[in-house]
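Structure, as structure tokens:
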Amino acid sequence: MEENISMTSFIFLSPCSQRLLLAFIDTLFLLILFVFVIQKLYSKFKSHSNGGSAITEPLIAETLGSVKINLWFKLSLAVSTILAVLAIVSSVVGFTQNTQTQWKLIDGICWLIQAISFIVITVLIIHEKKFQSVTHPISLRVFWIFNFIIIALIASSSIARMVSDILSSNSDDLISSISLPFSAFFLIASVIGSTGITVAPESKPDELDKPLNVSGWASASILSKTFWFWLDPLLKKGYRTVLTIDDIPILSPEHRAEQMTLIFEQNWPKPEEDSSHPVRTTLIRCFWKDVTFTGFLAIAKLGVGYVGPLLIQRFVDFTSGKRSSPYEGYYLVLILLVAKFLEVLTSHQFNFHSQKIGMLIRSSLITSLYKKGLKLSCSARQSHGVGQIVNYMAVDAQQLSDIMPQLHAIWLMPTQVAVALAILYAYLGASTVVTLIAVLVILVFVYFGTKRNNRYQFNIMSSRDSRLKATNEMLSYMRVIKFQAWEEHFNNRIQSFRESEYGWLCKFMYSIGSNMIILWSTPLFISTVTFGSGILLGTNLDAGTVFTATSLFKNLQEPIWSFPQSMISLSQAMISLGRLDEYMMSNELDEGSVERCENNNGEGTVAIEVQDGSFSWHDDPSEGETIKNLNFEIKKGELAVVVGTVGSGKSSLLASVIGEMHKTSGKVKVFGSTAYVAQTAWIQNKTIQENILFGSPMDPRKYKNVIRTCCLEKDLEMMEFGDQTEIGERGINLSGGQKQRIQLARAVYQDSDIYLLDDVFSAVDAHTGSIIFKECVRGVLRNKTILLVTHQVDFLHDVDLILVMRDGMIVQSGKYDELLQSGLDFKALVSAHESSMQLVQAESGESKTLTKSHSINSNDNQTPLELERSQSNVIKGTSKLIEDEERETGRVSLHVYKVYATEAFGWFGAVIVLVLSVLWQSAQMASDYWLAYETSEDRAASFNPVVFIGVYAIIAGVAFVLIFGRTVFCMFFGLETAQKFFKQILYSILHAPMSFFDTTPSGRILSRASSDQTNIDILLPFVMNLSIALYMSVVSIIIITCQYAWPTVFLLVPLGWLNFWYRGYYLATSREITRLDSITKAPVIHHFSESISGVMTIRCYRKQDEFVQENVDRVDGNLRMDFHNNGSNGWLGFRMEFLGSLFLCVSTVFMILLPSNVIKPEDVGLSLSYGLSLNGVLFWALFTSCFVENRMVSVERIKQFTEIPSEAEWVKKDKPPPPNWPTHGSLELRNLQVRYRPNTPLVLKGITLNIQGGQKIGVVGRTGGGKSTLIQALFRLVEPAGGSIIIDGIDILTLGLHDLRSRFGIIPQEPILFEGTVRSNIDPIGQHSDDEIWRSLERCQLSDVVAAKPGKLDSAVVDNGDNWSVGQRQLLCLGRVLLKRSRLLFMDEATASVDSQTDAVIQKIIREDFADCTIISIAHRIPTVMDCDRVLVIDAGKFLFIGGAAWKLDWSIWVQVIWVVLCVDQKIRVRVCKRIRRTFTFDSEALTFWGVGSGVELKVLYQLLQEFTSMVTFWTDGLLRRCH
């Protein structure tokens, strides 16, 4: 009894002192509240005397809106009332039951003040509801914290008295104990701050301008930054509502990409420094101060981290009676609390600032890489490739960002080990040498493991680069792949890259697993050898020594684990730095190769001047010159045309003028601003209007004129949202002609001085080309200087200068008549154009069986004004083709966890992991129980060293076996799951319909194939394994701590509830930010890729600054997610670890309070050795579980794309077509109706026709009218909405897609080549011999070109075939068809990019090689369809089939046309041309010429014939110009 009284007589726990301290806190709170009320009333009375009405304002700030209260508010009110009642009861008991008069007075008054305080608090809570306060006042929250501490002290002493002697306790002790959980409730309320009141604010009409939502960091005080208070508003909002992108604040000015790029450029090494590692040098110069600051934080964290282990011996001595003062225990607890507080704070500040540095490095690198991409020379751009450049941004920049939190571990690890060994030496003496040897052995293992991991990681990155490059190429050209039925080939190609990647991935993950095994086995292994050597050396092992040592060994876990990880990250970072150095030092475009005189004030007459110019696409002079010896001069206002055969260097000449080629010699001068229209259209993923404006301000009159002159009015009418229609990625939802005219409109709108137009008429029909030439080239641009590349000979009469090219040189120049008279190359080009008509004449003599044309579908009986326009380009109800990316909201569903956990092995795998984890943790605990048991004072006499170390070693061995099995199985489990997900998403994407790729940006798919797949490959298996182990450790710590400090059990409920609440509170925000991070990352990648593809256009227009700014904005939009996610990690980590530290300190207080017969010294040592790691383990368990949930978003996102609706079966085994099908090639369409997507209007509107096998059909009509859609329907890229397609008696809807597509041949509108070789492009599947390939190349006029290359058939084809001209690419595509030899051939503008001579040759080849085949040819050139048996005119989804007797009658007219070309007599030629014009003027009377119906049907026919008429008119216009 006396021992108990002396134990509890310490000042903080004596009843009198406790009551006085409680009364002091209550009185101080009431005084502060009183002062606040007086001040508020004074200010209100003063305001009232000045005429205001402030007297009616509440003491708590009032908000407007409807108010709702939840259970939390009701509980707060109830608990406050209960505490007030308990205080009143205690006060009454104090005044009545105590026998000591002085104590009676103190006890009663103290509890009375407490009662008054809680009565006031109750009133205040009611006041909060009345005035709609959503958070408690800060003064009240602080009071609750201190009140809880005092109540906890009172309750602790009360519990101690009741435990030691139940008879000595009284009712006051019971009431105090009851008050503790209620006071703990208000502790939770003080941390949360919420009142439980929800207010829906009423919007005010005058609040139109909202302030900019800038990150709270920008204006936060030092205190706010220290404890992350600046994040409270965002976390609160995220907890209440689902966050959107607009809810995330923008970065502070000093963190934005623009500022970081400026700093990066200022610190870039000067040329004279000759730095071999410029990126590394620049990063050090930019961030050395920040890195130094985090180094100081790391040192502080290291220092306070060893306070805990040093205190274990002191606590053990205290509980065993060795104490210098009765109050020593409390001093030790206070020291422990302060040390843990500083450790927690410095640890999370270190993490946050390291991650912030990483974020800023990533920001600097991405923007700098983007700027570099806009400066790269063509050769450098091709050598890296678009996919590789994107990887530099997405992977390498991220690697350098990720190294920052681990950078200091490289030097901290030796420091930590040295300090730990020094402390151990003080306790264990010479046996510390053995510890050092054990640590060195582990480090040697780790060193070799790191080298191995470095090699594996490098190979993984290389394999991943190849896979992503192949995936990007596949996604870019998916339409061609589906046309050719090559999905299996690309599937095998990507799978082969994946198999290589997966092989290295397995080695890497198992190697990482070995490091984890060492990590978790280190404490037991080192303990075994250290204690064993200590026993041999005669070291005295008591409880204090043993558990101090084990605590230090656990401290060594972190550096031994982080050191290899840091080394791995460092090695990855060094590889990334090397790759970035190589990229950033790549050759740039020489800005001085072209002398630009933007403003010459009208002086001079020259616009473009080239003297002795020689140029190459290669930076290396040894590669040879592409174009050479150029000498020409174009005057201002002239229209100059460049002509020549395919591959003669026409496009290269334009590139040399705008400075895109490497100049080897000569001089180029350009006077004025330039505009460039590329041969292959480059369109941005924006609206049509944004593409045309291209960053320039809107001028409505000018804009409307541009739309008219570029023939876009009709196209915009066809679209529901006109020029606000969003264009898909790479212009995928536009026809080739529409894309070409939009980029022409972009050029015209810029109002430049000089226009360089590269074959702009190749993708438009003849009528549209004629209008563009008249209204645009010779209209709005009549006063501009124009350099035009074209194959259209008909335009050459009306130009000022013609440049004829051959083999990269200008062989002729002058006007049309001069060049024609001189003969040579130009005359050959003109003759080729004329010979295309002679070929028709030759064919006209042949006897052909022509069937009668089918009439228009009977359903099409509307007047021309009532004709519907196709809306194929837009989704009904929205102008956006590319919809915002779908994202889940709220917590990741348990179904996603279930899918991941059971994908590979079902529930069996998950159960095995859990069982192994429980067994392993049990072995860990068993080893420490054995230590406590053997080092107790009771066992000192019978201590057997051999048994002690033998049993301990056996337990350590069992634990090693269990952790080995668990880790290996977890890695195997994760790898198998990742592979299954990869195969599922690849299968799903390859089987997706074409409409999916039309509406889904490739960046959205690539982000899943790269970052999301990497998360599932590496991060999820690793972190989930770690998370499970940490949660097992938390459970073991709580079990051991509560076992010996049993009153701590009372704190488990509030601690568990707080952990659960904090996790949910944090995850609500972090989860959404992680999802938004994934969504905002894809636009950065897409914009990067898009810009690199269109860099020639961007540079020509001098728009680099605008594009850099857009890149900066997108980077900032993505990095603000990173910044606030990292901040929320620090916010959670500090609070959770501090709670764990409080739990430890409270449990330690209980351990020193409990009598020695209840808790023994060895139990204190065991509890503290576990408890010291509680704060860290608790936080990391929560953090890794949150990390897992955030990375589970990757599983969620990949699962979204594994559930894409699939297109029809590739192969139907039960209904295969005959082996030689189609044998005849007959084609019948029955009321064919096609729409691109559900709920959109029909694109083809009930077409019915019959084509016999072997017929040649020409398809003509205005661009966007439905010609290419017809081809897609025949290949079933778009499934018919109605009707049927019969080929040789088989309905193609009954066939498998590959059975269908593999039997057809097609030359697509855009010539697509894949990266590889000539052989792999012409025969990707490898079905043909080299001899067959050479014969095919010879037939398509490419054998000489290929034979001249060093590699012959293995000559390189770079990404997109950029090292081949567009015409050569088209010929290679023809070569594919020649190899295939199909009975049905489709040509979609197959000769649009070649000259007339090559066109004639191609037509001849097709006539000879496909004489017995059915050919459907879409064409814009009249000669291309001249030898067709029928011509199909399509407009707005309707058609006219011209054939039979009418076409025969028409045949004589074509013969007359040929005769006009050849006739010498000019008068006769003019007369015949005019007769032809009259013949082709279709009115209601002249329609009888065609032998068709009358009435309304004739009017519809008249509308449809306009396109064909315009084509003929355009062609005869050219003849008339020549005649005159």
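FYI, side chains are in, hydrogens and waters are out, and symmetry mates aren't considered; it's all heavy atoms of this structure.
Ring pair Phe1201/Phe996: centre-to-centre distance below 6.0 Å. The ring of Trp1131 has its center closer than 6.0 angstrom to the ring center of Tyr1062.
Side-chain atoms of Thr244 and Asp247 include a donor-acceptor pair closer than 3.5 Å. With 3.5 Å as the limit, one finds a donor-acceptor pair spanning the side chains of Asp1113 and Gln1109. Donor-acceptor pairing under 3.5 Å is recorded for the side chains of Arg362 and Asn1118.
A 6.0 Å sphere centred on CD1 of Ile222 holds no more than 12 heavy atoms belonging to other residues, nucleotides or ligands. The environment of CD in Gln689 is crowded: more than 12 heavy-atom neighbours from other residues, nucleotides or ligands sit within 6.0 Å.
Side-chain atoms of Arg1008 come within 3.5 Å of backbone N or O of Arg1197 as a donor-acceptor pair. For Arg256 (side chain) and Leu251 (main-chain N/O), a donor-acceptor pair under 3.5 Å exists by modelled atom type.
Of the listed residues (Ile1018, Leu468, Ile1198), just one forms a side-chain contact (heavy atoms from CB on, under 4.5 Å) with Gln1013, and that residue is Ile1198.
Val1095 pairs by the side-chain contact (heavy atoms from CB on, under 4.5 Å) definition with Leu374, Arg381, Arg1099, not counting sequence neighbours. Contacts of Trp228 classified as side chain to side chain donor-acceptor pair (under 3.5 Å), with partners at least two apart in sequence or in another chain: none.
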